Amino acid sequence: MTTIPSSGSNAERVFIFDTTLRDGEQSPGATMTFEEKLMVAECLDQMGVDIIEAGFPIASQGDFESVHAIAGRAKNAVIAGLARAINADIDRCGEAVKHARRGRIHTFVSTSPIHLQYQMKKSEDEVLEIIRATVARARNIVEDVEWSAMDATRTPIDYLCRCVEMAIAQGATTINLPDTVGYATPDEYRAMFEAVRNRVPNAGKAIFSVHTHNDLGLAVANALAGIAGGARQIECTINGIGERAGNAALEEIVMAIKTRCDVLPYTTGIEAAMLNRASKLVAAAASFPVQYNKAIVGRNAFAHESGIHQDGMLKNASTYEIMTPESVGVTKTSLVMGKHSGRAAFKSKVRELGYELGDNAIEDAFNRFKALADRKKHVYDEDIEALLDEGIATAADRMKVVALTVIAGTMGPQSATLTLDMDGKHDTIQSSGNGPVDAIFNAIHKLVPHNALLELYQVHAVTEGTDAQAEVSVRLAAEGRSVTGKASDPDTLVASAKAYLSALNKLTARGARLHSTAVG
């Protein structure tokens, strides 16, 4: 059995299992490139995540390769791959994690009556036999096997106990009882763990795990309730991304335990000061913006506008802040950078914001910062973060905006002249449309013929003021894939072109066949 280093007593240590790269990536539009996955995995490993679920190896060759690469690079974390209770899945997963310092196969099967009747079309006894055979097969490949009862919270407790007992008997070292559809309440979830752990004779041979979804907004509360019920592993994601309404947010769980240790007497191995950096990295890689009022890592998490709150903060920060910004990696001050700032100051600011960039990336970012500073009176931390995040997200893009000229106004028609760099070749075209943004997107369509459907176009200002950078999000769908591109620029129309192109780049990078008949 794989042993995970712990701090403090085993009874109090809670292991953090991050599934951002698997369950999180299953969010519509959140698919990441190979390079983005490696960056996120490295950050999670450095941050102290105990187990990284790196992907679903059988899903695609790309998923297999990313899990395999992460397994070979991880320095501290256990690297897990997900496998259905199917022999081919388990074998493929074992192959993907075999080079990890510590590898895990995470296999699952449905147990609830509704899943058995409509999805599995199996009887309870047939599923028990599947558990027996597949968990044993996984254990013959690796020592560390996690078994999950999909839809555990809607499974009759007697049958759930039989399934858990079988999985442990066949060598499962971790038992996950997920609230797959976000249905449970905290009291119910805690009671389920207490019942299973008390009734299953061999329960003491495995670590129990929680995996909660946020369909009713209870994911974090349920996860903590499961820990109170005896579980000692929490499955969660950065920013709470995941299928449907998402998963329990890692940063919220970690800071709840850290801040309320009086009623949550547990410890984790997470370096909390890296939470803000991890949040921004995942948001940029997945093109999933973090809501302003998101707990812990949202833009407004440590912002105070009310006069009463500001007065209290000036007298003593603890009047309205139950944790310090620094504790999660947020800087208190907002040093204004401008066109006279040099490389040294820029590098210092980049490090202060929690980014680690190589020399070439720093030079590219600095040049883009200077260009921005020439156009904008004050460059705030948020501007620099947007600039850095865009650089991370578009570093490997095949198609980039070179030049854009737009003619708009009441007289019409609105038109756009666009030059793109496509694999090193420059192409220019002019197009018109029903408004300047429509004209730009039509121009891109002419240069890059495609059938992708525009699902979302959204604009917001990064900072205050009329010279604020616009941050544009564009979501495109093609062949069942949905991706989001994001870009920022003081010119909203330029940001729109970049964001649309970013989404197209992601679709082509992930194998979507975009080409349609070229527009004349």
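The first residue in the sequence is number 1, and the count goes up from there. Remember, predicted model here, so these are calculated numbers, not experimental data.
Between C93 and I58, every side-chain heavy-atom pair lies at or beyond the 4.5 Å cut-off. For the pair M47/V254, no side-chain contact is recorded, criterion being any heavy-atom separation below 4.5 Å from C-beta on. Contact check for H106 versus N176: side-chain heavy atoms found under the 4.5 Å cut-off. The shortest side-chain heavy-atom distance between D91 and R137 falls under the 4.5 Å cut-off. Using a 4.5 Å heavy-atom cutoff, the side chains of V97 and R104 are not in contact. Within the 4.5 Å cutoff, no side-chain heavy atoms of T174 are placed close to those of V145. Inter-residue side-chain proximity for R232 and Y266 is flagged as met; some heavy-atom pair is nearer than 4.5 Å. Within the 4.5 Å cutoff, the side chain of S279 has heavy atoms near those of the V290 side chain.
Between K294 and E252 a salt bridge is recorded (basic side-chain N to carboxylate O distance below 4.0 Å). Residues K98 and E95 are paired through a salt bridge, judged by an N-O separation under 4.0 Å between the basic side chain and the carboxylate. For the pair R84 and D89, the salt-bridge criterion is met [side-chain N within less than 4.0 Å of a carboxylate O].
For the atom pair CD1 of I131 and OG1 of T111, the computed distance is 7.5 Å after rounding to the nearest 0.5 Å. A distance of 9.5 Å separates OG1 of T185 from CG of L216, quoted to the nearest 0.5 Å. Atom OG1 of T134 sits about 4.5 Å away from atom CD1 of I90, to the nearest 0.5 Å. With rounding to the nearest 0.5 angstrom, the CD atom of Q26 is 7.5 Å from the OG1 atom of T19. Within the model, atoms CZ of F288 and NZ of K486 stand 10.5 Å from one another, a figure rounded to the nearest 0.5 Å. Distance CG/N76 to CZ/R101: 6.5 Å, rounded to 0.5 Å.
The aromatic rings of F346 and F369 sit parallel to each other, their planes meeting at less than 30°, with 60° as the upper class boundary. Note: F193 and Y189 have perpendicular aromatic rings, judged against thresholds of 30 and 60 degrees for the angle between ring planes.
Of the possible polar contacts, none joining the R22 side chain to the G81 backbone as a donor-acceptor pair under 3.5 Å is found. The backbone N or O of E165 sits less than 3.5 Å from a side-chain atom of N202, completing a donor-acceptor pair. Of the possible polar contacts, one joining the D63 side chain to the F56 backbone as a donor-acceptor pair under 3.5 Å is found. Counting only distance, with no hydrogens or angles, the side chain of S112 and the backbone of T155 share no donor-acceptor pair below 3.5 Å. Counting only distance, with no hydrogens or angles, the side chain of T173 and the backbone of D144 share no donor-acceptor pair below 3.5 Å. With E25 contributing its side chain and M32 its backbone, the two residues share a donor-acceptor pair below 3.5 Å. A distance-only check finds a donor-acceptor pair linking the side chain of E251 to the backbone of N239 [under 3.5 Å]. In terms of modelled atom types and a separation under 3.5 Å, the side chain of D45 and the main chain of V49 share no donor-acceptor contact. T20 places a side-chain N or O within 3.5 Å of a backbone atom of I238 that can act as its donor or acceptor partner. In this structure, N505 contributes its side chain and L501 its backbone to a donor-acceptor pair below 3.5 Å.
Closest approach of A223 to I253, counting heavy atoms only: CB-CD1, 4.1 Å. Smallest separation of non-hydrogen atoms from F208 and A203: CE1-O, 3.5 Å. Nearest heavy-atom pair, L275 versus I270, reported as atom, atom and distance to 0.1 Å: CD2-CG2, 4.2 Å. The shortest non-hydrogen separation linking A225 to P186 is CB-O, 3.4 Å. The two residues I70 and K37 have their closest heavy-atom pair at CD1-O, 4.1 Å. V220 approaches A249 most closely through the heavy-atom pair CG2-N, 3.8 Å.
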Residue pair E146, E235: steps toward the side chain to side chain contact (heavy atoms under 4.5 Å, CB included) verdict:
CA-CA 12 Å; E146 177 171 341; E235 305 191 5; 2.3 Å; yes
(request) Decide side chain to side chain donor-acceptor pair (under 3.5 Å) for Q233 and S209; before the verdict, give the C-alpha distance in whole Å, the side-chain angles of both, and the deciding distance to 0.1 Å. (result) CA-CA 4 Å; Q233 176 179 288; S209 179; 2.9 Å; yes
(request) Evaluate the criterion side chain to side chain contact (heavy atoms under 4.5 Å, CB included) for residue pair L224 and I257; output intermediate values, then yes/no. (result) CA-CA 9 Å; L224 295 173; I257 291 173; 4.1 Å; yes
Margin query: Run M255 and K258 through side chain to side chain contact (heavy atoms under 4.5 Å, CB included) and show every step you take.
Written below: CA-CA 5 Å; M255 292 311 294; K258 186 179 178 70; 3.8 Å; yes
_Working note: S473 + Q458, criterion side chain to side chain donor-acceptor pair (under 3.5 Å); need CA distance, chi angles, decisive distance, verdict._
CA-CA 5 Å; S473 297; Q458 190 174 66; 4.6 Å; no
- Task: Could you check D23 against L82 for side chain to side chain contact (heavy atoms under 4.5 Å, CB included), going step by step and ending with a plain yes or no?
- Result: CA-CA 10 Å; D23 202 331; L82 186 69; over 6 Å; no
inquiry  = Could you walk me through whether D151 and S110 satisfy the side chain to side chain donor-acceptor pair (under 3.5 Å) test, starting with their C-alpha distance in whole Å, then the side-chain angles of each, then the deciding distance to 0.1 Å, before giving a yes or no?
reply    = CA-CA 6 Å; D151 206 19; S110 293; over 6 Å; no
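The only option from V40, T237, V282 that meets the side-chain contact (heavy atoms from CB on, under 4.5 Å) definition with L21 turns out to be V40.
The local environment of CZ in R73 is sparse, with at most 12 non-hydrogen atoms from other residues, nucleotides or ligands closer than 6.0 Å. Counting heavy atoms of neighbouring residues, nucleotides and ligands inside a 6.0 Å radius, atom OH of Y183 does not exceed 12 of them. Counting heavy-atom neighbours within 6.0 Å of D359 CG, excluding the residue itself, gives a total of 12 or less.
For the 3.5 Å distance criterion, the side chains of T212 and D179 fail to qualify, holding no donor opposite an acceptor.
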